[in-house]
Amino acid sequence: MQALDGHPIYSHFLFPNKVLQSLPHGPLASDNDLWAEMECGSEAAVPETARIRLRNRMPPAAPCTFTHNDLTNVNIMVGNRPVPGVTDWEMSGYFPVWWEYVCTSIPDSEEDREWKTLLRKHMPDHSAAREFWLDDYYLCNDLKHQRARKFIAEAEVECL
């Protein structure tokens, strides 16, 4: 996983911890490298059982796929233009094959939600990756959220 020029990637959502999200990551050569970067963002209070469960649920990143990484409705240029286009490429790069699908779950407005719902219908289904990412997001940002608490409780039960 890397930017087009081989440099590190940036993603406010793949690495959702508020401290780490604006930092460069990689290049990353394997799922283990990706996991090491993602795990850095987990809250210190996340039990080891939950970390192991989350790692086991992480879908394979390969093949890394060229991804816009910010394909919101405002970045799509259509209308009375001679050539439609896509703007705002500074966050693009080679990301896990499932990442663009997961990004369709992160709208920034109601119009963007509608656009991404339509877009998702024309993409390969990576809903398991979306669930993995949502679990990671809440474990990194809000351990009190119902989803994080449920994930931790299920991890502890699986460990017994």
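A pairwise comparison of heavy atoms in Pro24 and Pro8 identifies CB-CB, 3.5 Å as the closest pair. Closest heavy-atom contact between Met1 and Cys64: CG-SG, 3.6 Å. For the pair Pro47 and Glu156, the tightest heavy-atom approach, listed with the atom from each and the gap, is CG-OE2, 3.9 Å. For the residue pair Pro63 and Val97, the shortest heavy atom distance occurs at O-CB, 3.1 Å. Pairing each heavy atom of Arg51 with each of Val46, the nearest pair is NE-O, 3.2 Å.
Side-chain N or O atoms of Thr104 include none that pairs as donor or acceptor with a backbone N or O of Val102 at under 3.5 Å. No side-chain donor-acceptor contact under 3.5 Å links Lys116 to the backbone of Thr72. Using a distance-only test at 3.5 Å, with no hydrogens or angles considered, no donor-acceptor pair links the side chain of Ser30 to the main chain of Leu28. Listed for the His126 side chain is no donor-acceptor partner under 3.5 Å among the backbone atoms of Ala129. His7 places no side-chain N or O within donor-acceptor distance of the main-chain N or O of Gly26, the cut-off being under 3.5 Å. Asp33 places a side-chain N or O within 3.5 Å of a backbone atom of Ala29 that can act as its donor or acceptor partner. Looking at Asp31, its side chain does come within 3.5 Å of a backbone N or O of Ala61 through a donor-acceptor pair.
One hydrophobic cluster, built from ILVMFWY side chains closer than 4.5 Å, cannot hold both Leu118 and Val86; they sit in different ones. Under the 4.5 Å side-chain contact rule for hydrophobic residues, Leu71 and Phe66 share a cluster. Hydrophobic clustering of Ile, Leu, Val, Met, Phe, Trp and Tyr side chains at less than 4.5 Å, counting indirect connections, keeps Ile76 apart from Val74. There is a path of hydrophobic side-chain contacts, each under 4.5 Å, that joins Met123 to Tyr94.
Under the rule for a salt bridge (Lys or Arg N to Asp or Glu O under 4.0 Å), Arg130 has no partner lying at least two apart in sequence or in another chain. In this view, Glu111 satisfies the salt bridge (Lys or Arg N to Asp or Glu O under 4.0 Å) rule with no residue, not counting sequence neighbours. Annotation: salt bridge (Lys or Arg N to Asp or Glu O under 4.0 Å) contacts of Glu110 (sequence neighbours excluded): Arg113. Partners of Glu131 according to the salt bridge (Lys or Arg N to Asp or Glu O under 4.0 Å) rule, which considers only residues two or more places apart in sequence or in another chain, are Arg147. Under the rule for a side chain to side chain donor-acceptor pair (under 3.5 Å), the partners of Asn69 that lie at least two apart in sequence or sit in another chain are Trp99.
Ring geometry, Phe132 versus Trp98: the interplanar angle exceeds 60°, so the pair is classed perpendicular (tilted spans 30 to 60°).
The CH2 atom of Trp115 lies 13.0 Å from the CG atom of Asp108; values are rounded to the nearest 0.5 Å. Interatomic distance, Leu119 CG to Cys103 SG, rounded to the nearest 0.5 Å: 10.0 Å. In this structure, CG on Leu143 lies 11.5 Å from CZ on Phe151, to the nearest 0.5 angstrom.
At least one side-chain heavy atom of Met58 sits under 4.5 Å from a side-chain heavy atom of Leu34. Between Leu54 and Trp35 the shortest side-chain heavy-atom distance falls below 4.5 Å. The shortest side-chain heavy-atom distance between Phe95 and Glu100 does not fall under the 4.5 Å cut-off.
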Show, in sequence, the C-alpha distance, side-chain angles and deciding distance for Asn75 and His68, and conclude whether the side-chain contact (heavy atoms from CB on, under 4.5 Å) test is met. CA-CA 10 Å; Asn75 290 334; His68 183 276; 3.9 Å; yes
So His25 and Tyr10, side-chain contact (heavy atoms from CB on, under 4.5 Å) or not? Walk me through it. CA-CA 6 Å; His25 298 273; Tyr10 292 83; over 6 Å; no
Which is it for Phe15 and Ile9 under the side-chain contact (heavy atoms from CB on, under 4.5 Å) test, yes or no, and what are the steps along the way? CA-CA 10 Å; Phe15 309 103; Ile9 54 175; 4.1 Å; yes
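A side-chain donor from one of Asp125 and Ser127 sits under 3.5 Å from a side-chain acceptor of the other. Inspection of the Ser109 and Asp112 side chains reveals no N or O donor paired with an N or O acceptor under 3.5 Å.
The salt bridge (charged side-chain N to carboxylate O under 4.0 Å, His left out) analysis of residues 55-75, with sequence neighbours excluded, yields the pairs Arg57-Asp135.
When Thr49, Val157, Leu139 are each tested for a side chain to side chain contact (heavy atoms under 4.5 Å, CB included) with Ile152, only one passes: Leu139.
Ring pair Trp133/Tyr138: centre-to-centre distance not below 6.0 Å.
Within a 6.0 Å radius of CD in Glu90, other residues, nucleotides and ligands contribute more than 12 heavy atoms.
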